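A short write-up of the structure that comes next.
This is a predicted model, so every value here is computed, not measured.
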Amino acid sequence: MKNIPLLLMGCGGVGRQLLQHIVSCRSLHAQQGVHLRVVGVCDSKSLVFASDVITRELNDQTLSEVCRFKSNGSSLSALGDLGECIVNGNTESKRKVMDIAALLGKATGLAFVDCSASSETIRMLNQVVDMGCCVVLANKKPLTSTMEDYDKLVSYPRRIRHESTVGAGLPVIASLNRLLSSGDPVHRIIGSLSGTLGYVMSEVEDGKPFSEVVKVAKNLGFTEPDPRDDLSGMDVARKALILARLLGRRINLDSIKIESLYPDEMGPDAMSVEEFLGSGIVSLDNDVQERVKRASLNGNVLRYVCVIEGSRCEVGIQELPKDSPLGRLRGSDNVLEIYSRCYNKQPLVIQGAGAGNDTTAAGVLADILDIQDLFP
């Protein structure tokens, strides 16, 4: 049986779902000759870890309790009754995480899994890659930091996986890597990489007011608590940057042209969420509907997409043919069209659920299993 020590950073929706997947897949992984040995789980304030990280692990009961406590909004510090080791405090937790990474990186290897949404893990990740650890990311921020940070992270390409940073569990990164490693140059990528904005654009196409569609999306749980986090386009821009850098573009986030779906005067610094949804967003309805009508007269539809072509990297609303893969997109699916030498006239199209904790965590789990050959 191959044992893979694993330390999880971030115990939000994706992190909890990953732990549940690990527990529920025990028998399947045993048949495959693999055991994922979770040695620690860390949130922003505390770290719970096994008493001896070399030989022991957090058992499945503890992992289930971690999920239960965190889903109730409780702190990991409350898990002390289970007899596991706890370190409280942001600084103290980080220090202990690095001690564990240094110990296991040299001894047995370690899968350092970042399912947080924090930029605070960047410095830690830059250090653990030099300790012999493997890195698996759902967090986009480390890959969209400075080029210096990015170069450090990918300096050991066999030891990093980040499929879930773009398109949740869809095989976007793997497909691009296969094309690039086979010498098939990718010259254009266009895609709808936000389930939220995909849903919004396909709904306004049916004549529904933009403001009403956004409110419904929020009620359905498609948006962040503040829908402007989605409507700003910043999340799509981060995904576009990850893809552009994968293609060899040495650019930063501020190099990307980003179209926000609301003006600056309706931003978080100027309006509360309630004000934005109550009176602000309604004033945007007419403009959006006019753009929908103009596109329809041209036989096109509007989609919020990222475009990477040559030196061009931008995200925003584009008019696209109704009969194209992106034009046919409905609901919250992600669609990516990849054009290369081999896929020139007819692009490689990747489509499916591109959001959701379950799908994202499944992608992370698949990435962890993909690096099992690097462990003794």
Side-chain angles (χ1 to χ4, degrees), residues 4-20 22-23 36-146 149 152-153 224-225 229 357 361 364 368:
I4 301 178
L6 185 155
L7 195 151
L8 173 64
M9 302 295 294
C11 205
V14 175
R16 293 195 303 272
Q17 193 67 59
L18 173 63
L19 294 178
Q20 290 170 13
I22 289 172
V23 171
L36 300 185
R37 187 168 66 87
V38 182
V39 299
V41 178
C42 189
D43 63 12
S44 59
K45 297 177 182 177
S46 304
L47 165 71
V48 56
F49 60 100
S51 55
D52 179 0
V53 294
I54 293 290
T55 61
R56 300 191 62 187
E57 64 186 299
L58 302 179
N59 62 38
D60 289 353
Q61 179 189 353
T62 300
L63 297 182
S64 297
E65 284 297 289
V66 166
C67 295
R68 187 174 69 84
F69 272 76
K70 292 301 295 181
S71 63
N72 292 334
S74 302
S75 168
L76 289 178
S77 60
L79 286 166
D81 295 341
L82 293 177
E84 303 297 346
C85 300
I86 303 281
V87 173
N88 293 315
N90 183 283
T91 302
E92 292 78 8
S93 297
K94 287 180 180 176
R95 186 179 298 121
K96 185 60 182 179
V97 164
M98 297 311 296
D99 289 344
I100 294 172
L103 178 63
L104 288 175
K106 294 177 181 177
T108 60
L110 174 69
F112 195 93
V113 183
D114 185 0
C115 287
S116 73
S118 172
S119 56
E120 290 187 11
T121 60
I122 296 173
R123 185 178 176 187
M124 302 169 74
L125 289 163
N126 286 345
Q127 294 176 36
V128 301
V129 293
D130 283 335
M131 296 175 179
C133 300
C134 295
V135 170
V136 177
L137 301 172
N139 184 6
K140 291 180 279 293
K141 291 181 179 176
L143 292 170
T144 56
S145 182
T146 65
D149 287 332
K152 183 67 177 178
L153 262 182
E224 297 294 329
D229 291 344
N357 294 336
V364 174
I368 296 168

Closer than 3.5 angstrom, by distance alone: can the side chain of [X] be matched with the main-chain N or O of [Y] as a donor-acceptor pair?
{"X": "Arg37", "Y": "Ile54", "answer": "yes"}
{"X": "Ser145", "Y": "Pro142", "answer": "no"}
{"X": "Thr62", "Y": "Leu58", "answer": "no"}
{"X": "Ser93", "Y": "Gly89", "answer": "yes"}
{"X": "Asn59", "Y": "Gln61", "answer": "yes"}

Would you say that [X] contacts [Y] through its side chain, given a criterion of any heavy-atom pair below 4.5 Å between the two side chains?
{"X": "Met9", "Y": "Leu125", "value": "no"}
{"X": "Leu7", "Y": "Phe49", "value": "no"}
{"X": "Asp130", "Y": "Lys152", "value": "yes"}
{"X": "Asn126", "Y": "Ile122", "value": "yes"}
{"X": "Val53", "Y": "Pro5", "value": "no"}
{"X": "Val113", "Y": "Leu6", "value": "yes"}
{"X": "Leu47", "Y": "Val41", "value": "no"}
{"X": "Leu153", "Y": "Val129", "value": "yes"}

Heavy atoms only: give me the nearest [X]-[Y] pair and the separation to one decimal.
{"X": "Ile368", "Y": "Ile4", "result": "O-CD1, 4.4 Å"}
{"X": "Gly15", "Y": "Leu8", "result": "O-CD2, 3.7 Å"}
{"X": "Leu18", "Y": "Ala361", "result": "N-CB, 3.6 Å"}
{"X": "Cys11", "Y": "Lys70", "result": "SG-CG, 3.6 Å"}
{"X": "Asn90", "Y": "Ser44", "result": "ND2-O, 2.9 Å"}

**Request:** Apply salt bridge (charged side-chain N to carboxylate O under 4.0 Å, His left out) to Arg123 and list each qualifying residue two or more places apart in sequence or on a separate chain.
**Result:**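 For Arg123, no residue satisfies salt bridge (charged side-chain N to carboxylate O under 4.0 Å, His left out) once neighbours in sequence are set aside.
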**Item:** Under the salt bridge (charged side-chain N to carboxylate O under 4.0 Å, His left out) test, residues paired with Lys141 that sit two or more places apart
**Value:**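 Counting only residues at least two positions away or on another chain, Lys141 forms no salt bridge (charged side-chain N to carboxylate O under 4.0 Å, His left out).
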All N/O donor-acceptor pairs, side-chain side in residues 100-108, below 3.5 Å, sequence neighbours left out:
none

**Message:** How long is the straight-line distance from CD of Gln20 back to SG of Cys67, given to the nearest 0.5 Å?
**Reply:**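 If I round to the nearest 0.5 Å, the distance is 4.5 Å.
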**Request:** Kindly compute the distance separating CD (Glu65) from CG (Asp60), expressed to the nearest 0.5 Å.
**Result:**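 That separation rounds to 12.0 Å.
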**Message:** Looking only at the side chains, is there a donor atom on one of Ser118 and Ser116 sitting less than 3.5 Å from an acceptor on the other?
**Reply:**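 Side-chain D/A pair, Ser118 to Ser116: absent.
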